[in-house]
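Taking it in order: structure first as structure tokens, then the write-up.
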Amino acid sequence: MATTTTCAALGYAKPSPSQTYCMANFKTTCADPANAGCNRCAIYKVMQACAAQSSPWPTPSQKGEEACRYHSTAGNYVIVKSRTVDSTQTSQHEKDPDTGSNICIMPNHYILMPTTACTGVDDSNSKCTGPTVAYWDGAVRHGYGSSAGDLGFGNSHWAVMINAPDERGQHQMHIHVAPLEPAAGNNILFVAKEDNNMETDLTKPPTHHTVNGYTVAAYFFKDATTPPTSLKTLDVFGTAAAIHNKFSKNPGQEAYGVALIPKKGGYVVAATYGFADVDVMDTKPATNPRNKFCQAACQPFK
């Protein structure tokens with residue numbers, strides 16, 4: 001059973017391995033009372049806990065063990081460090097990164113979550129996937145920046161990505177922002193970034209690549225500013241949906257995710273197929289010092 005140190009943000013989970021990913025009603029959001037105690041809504045509780053906090057926000061080099069990094073009231077999102085298993089734990093429940101009573105904060109992997117209850121790419125709510133949402137612009141601006149609330153990736157190899165519905169483990173929308181791992185030719189997002197001949201004309205078929213069974217279909221958007229200012233008005237979800245409809249042979253049945261890859265001179269927007277963030281992004285836990293990034297249950301949200 002959950003330990004007494006488990007806080008309100010995490011203290012509702014049942015330890016049975018068979019219930020690790022329980023869900024009452026996939027057709028509704030985590031705001032549905034029927035879903036409130038389900039493990040797939042653990043991240044929704046984390047979002048609420050971070051949204052209740054206020055500035056000052058840490059810079060990328062400050063307070064690395066703190067999970068809550070930023071809350072934008074204007075953009076309606078929070079940014080938190082993602083969680084992973086505590087490698088020192090032995091039981092399945094304690095090792096569960098969503099519901100275990102001891103968790104580790106990844107040092108380099110962040111997630112941006114709307115403060116609205118949203119599911120993912122498949123959510124038709126305009127506050128979740130509409131043309132004016134600030135999530136992609138916010139993720140890229142914070143990814144490039146090095147000030148308070150920023151992530152400090154600059155011009156290194158990194159990306160922003162939301163998993164396809166059949167690749168995600170949590171029911172609250174969460175957009176990953178993390179370094180590419182590996183930053184090499186066997187990483188499909190790296191291959192897309194390094195393609196300097198990618199299609200830019202949205203009336204033509206998108207460029208597509210497949211690496212190790214993972215596929216992207218994408219366009220390159222030119223933007224000479226850093227961070228790119230055109231993201232403030234680009235409908236990223238709508239663009240990815242249009243790519244999917246052009247590229248997929250069965251767009252109504254095939255699931256897809258969305259990736260945005262910053263690069264010199266602009267950025268790539270892609271529909272993604274057959275892979276998740278863990279396949280292409282840095283998900284390594286901290287090892288030195290481990291105890292700085294791994295703590296009992298609610299430590300980051302007290």
Are Val268 and Trp158 connected in the hydrophobic side-chain network, where two residues link if heavy atoms are under 4.5 Å apart?
no
Will you find, in the side chains of His171 and Asn35, an N or O donor that is under 3.5 Å from an N or O acceptor?
no
Going by heavy atoms in the side chains, are His174 and Met113 under 4.5 Å from each other?
yes
Name of the residue among Lys263, Glu194, Lys193 meeting side chain to side chain donor-acceptor pair (under 3.5 Å) with His157:
Lys193
Point-to-point distance, once rounded to the nearest 0.5 Å, from OG1 of Thr272 to CG of Asp279
10.5 Å
Asp235: which residues meet the side chain to side chain contact (heavy atoms under 4.5 Å, CB included) condition with it, sequence neighbours left out?
Pro131, Phe237
For His71, give me all partners under side chain to side chain contact (heavy atoms under 4.5 Å, CB included), at least two apart in sequence or on another chain.
Ala51, Trp57, Thr73, Val78, Thr115
Pick out which of Leu189, Asn212, Thr215 makes a side-chain contact (heavy atoms from CB on, under 4.5 Å) with Phe275.
Leu189
Mind checking side chain to side chain contact (heavy atoms under 4.5 Å, CB included) for Tyr219 and listing every partner two or more places apart, or none if nothing turns up?
Glu199, Leu202, Pro206, Phe221, Ile243, Lys246
For Leu151, which of Ile79, Leu112, Asn108 qualifies under side-chain contact (heavy atoms from CB on, under 4.5 Å)?
Ile79
Between Phe220 and Thr200, which heavy-atom pair has the shortest distance, and what is it?
O-CG2, 3.4 Å
Once rounded to the nearest 0.5 Å, what's the spacing between atom CE of Met173 and atom CD1 of Ile175?
6.0 Å
